[in-house]
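Letters go in sequence order (proteins before strands), and every chain restarts at 1. The figures here come from the full heavy-atom set of this structure, side chains too, leaving out hydrogens, waters and symmetry mates.
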2 protein chains.
Amino acid sequence: MGDVYKALADPTRRLILDELAERDGQSLFELCGRLAMRHDVTSSRQAITQHIAVLEEAGLVSVRRSGRTRIHHLHTEPLREIVERWLTARED
Amino acid sequence: MGDVYKALADPTRRLILDELAERDGQSLFELCGRLAMRHDVTSSRQAITQHIAVLEEAGLVSVRRSGRTRIHHLHTEPLREIVERWLTARED
DNA sequence: ATCATATGCAAGTAACTACTTGCATATCAA
DNA sequence: TTGATATGCAAGTAGTTACTTGCATATGAT
């Protein structure tokens, strides 16, 4: 399993999470389009694919195939690790 | 102001935050020692200094001088951005 | 003043990361 | 099948990052 923190380190990847948070279940094509239109992401489709792969390895995004289309879903659970690590008072 | 996400991307920097979370107000020397002893961090003092600089730019650590000693303090507030960005339901 | 302690600065390097380009594959419709 | 759509794979490259080494500075104690 990949590194959640490293996955968040790139601004484009964070925008991908933003996009999926606003509209879950987008295809790759849809994502690329909306990232370009609404967030001024000029990267190529391949670049986006590679970013999504990193997010997937971190457990933040899951991919499901439907015909010739990839559908992407957001999973925020891995982010809770951050909260629990430093934002929660611990008793030891 | 630096990037909180990039600051968290490095495992050694996260251990520094862990250390300060457990014992706030450590000096550089103290930090280096405890990182080596308790977390098997083999990096040089300079490496640690550079990591702290990144954490400082991200607002996660503040440094105060006391004589020939640097005292480090943890600040978790910047981490709340992460929570509010994806872990909080938004209404728009 | 002298010496050890605690830290600062800077250049160099190896590894990693994001990105691109070019081509390949697969699905759907007509 | 043929063509267009949607995505996959892989090699190459520029820029970044973490790290080290060597030397400099500054504080505190004797």
Side-chain angles (χ1 to χ4, degrees), chain A residues 1-20 23-37 39-73, chain B residues 1-20 23-37 39-73:
Chain A
M1 173 76 67
D3 190 332
V4 183
Y5 302 97
K6 272 192 179 149
L8 292 177
D10 186 89
T12 302
R13 284 198 288 271
R14 298 197 290 269
L15 289 174
I16 292 173
L17 296 183
D18 286 342
E19 254 311 314
L20 289 177
R23 182 192 288 206
D24 203 31
Q26 292 188 54
S27 73
L28 180 58
F29 215 73
E30 213 177 339
L31 258 176
C32 288
R34 288 173 61 108
L35 284 169
M37 298 297 176
H39 305 281
D40 296 305
V41 175
T42 61
S43 306
S44 66
R45 171 179 60 82
Q46 287 78 354
I48 305 295
T49 304
Q50 285 162 9
H51 279 308
I52 292 173
V54 175
L55 292 170
E56 201 180 355
E57 290 220 327
L60 288 164
V61 165
S62 67
V63 181
R64 165 173 67 84
R65 262 211 109 93
S66 167
R68 59 181 161 179
T69 310
R70 279 165 49 119
I71 303 296
H72 304 83
H73 289 281
Chain B
M1 171 78 65
D3 189 333
V4 184
Y5 301 97
K6 270 192 181 149
L8 292 179
D10 186 89
T12 302
R13 284 199 287 271
R14 298 196 290 269
L15 289 174
I16 292 173
L17 296 183
D18 286 342
E19 254 310 315
L20 288 177
R23 184 192 286 207
D24 203 30
Q26 292 188 53
S27 73
L28 180 59
F29 214 73
E30 213 176 338
L31 258 176
C32 289
R34 288 174 61 108
L35 283 169
M37 298 296 175
H39 304 281
D40 296 304
V41 175
T42 61
S43 306
S44 66
R45 171 180 60 81
Q46 286 78 353
I48 305 296
T49 303
Q50 285 162 10
H51 279 307
I52 292 173
V54 175
L55 293 169
E56 201 180 356
E57 291 220 328
L60 289 165
V61 165
S62 68
V63 181
R64 164 174 67 85
R65 263 210 108 93
S66 167
R68 59 180 161 182
T69 310
R70 279 166 49 121
I71 303 295
H72 302 83
H73 289 280

Is there a donor and acceptor pair, one atom on the side chain of A:Arg70 and one on the base of D:dG8, closer than 3.5 Å? no

In whole Å, what is the span from the CD1 atom of A:Ile48 to the P atom of D:dT7? 12 Å

Closest heavy-atom contact between B:Leu28 and B:His72? N-CE1, 3.4 Å

Per-nucleotide protein contact along nucleotides 13-19 of chain C, 5' to 3', at a 4.0 Å heavy-atom cut-off (B base, S sugar-phosphate only, - neither), is ----SSB

d(NE2, B:His72; C1', C:dA6) in whole Å: 11 Å

Within the side chain of B:Arg14, is there an N or O that forms a donor-acceptor pair under 3.5 Å with the backbone of B:Ala9? yes

Which heavy atom of B:Arg23 sits nearest a heavy atom of B:Gln26, and at what distance? O-NE2, 3.1 Å

Atom CG in A:Asp10, atom CD in A:Gln50: separation rounded to 0.5 Å? 11.0 Å

What are the two closest non-hydrogen atoms of B:Ile48 and B:Ser43, and how far apart are they? CD1-CB, 4.3 Å

Report the C-alpha distance between A:Ile16 and A:Val41 in whole Å, list the side-chain angles of each, state the deciding distance to 0.1 Å, and finish with yes or no for side chain to side chain contact (heavy atoms under 4.5 Å, CB included). CA-CA 10 Å; A:Ile16 292 173; A:Val41 175; over 6 Å; no

Note: contacts of residues 56-69 of chain A with DNA chain D (heavy atom, under 4.0 Å) are A:Arg65, A:Arg68, A:Thr69

Nearest 0.5 Å, please: how far is CG in A:Leu8 from CG in B:Leu8? 8.5 Å

Nearest heavy-atom approach of B:Gly25 to B:Leu20 is N-CD2, 4.3 Å

Starting at CD1 of B:Ile16 and ending at C1' of D:dA18, how long is that distance when rounded to a whole Å? 12 Å

Whole-Å gap separating C1' (C:dC23) and CD (A:Gln46): 11 Å

Working to the nearest 0.5 Å, report the span between NE2 of A:His51 and CG of A:Leu31. 12.0 Å

How far does CG of A:Asp18 sit from OG1 of A:Thr12, to the nearest 0.5 angstrom? 11.0 Å

Bend across the helix from C:dA1-D:dT30 to C:dA30-D:dT1, to 10°, with axes taken over 5 pairs at each end? 30°

Donor-acceptor contacts under 3.5 Å from residues 52-64 of chain A side chains, at least two apart:
residue, atom, partner, partner atom, Å
A:Ser62, OG, A:His75, NE2, 2.8

Residues that B:Arg34 engages under salt bridge (Lys or Arg N to Asp or Glu O under 4.0 Å), provided they are two or more places apart: B:Glu19

With distance as the sole test, does B:Ser27 use its side chain to make a donor-acceptor pair with the main-chain N or O of B:Glu30 at under 3.5 Å? yes

Report the residue (A:Thr42 or A:Arg45) whose heavy-atom-nearest nucleotide on DNA chain C is the more 5′ of the two. A:Thr42

Atom-to-atom span, CD1 of B:Ile52 to P of C:dT7 - whole angstrom: 9 Å

Near DNA chain C, under 4.0 Å by heavy atom, which residues of residues 23-32 of chain A? none

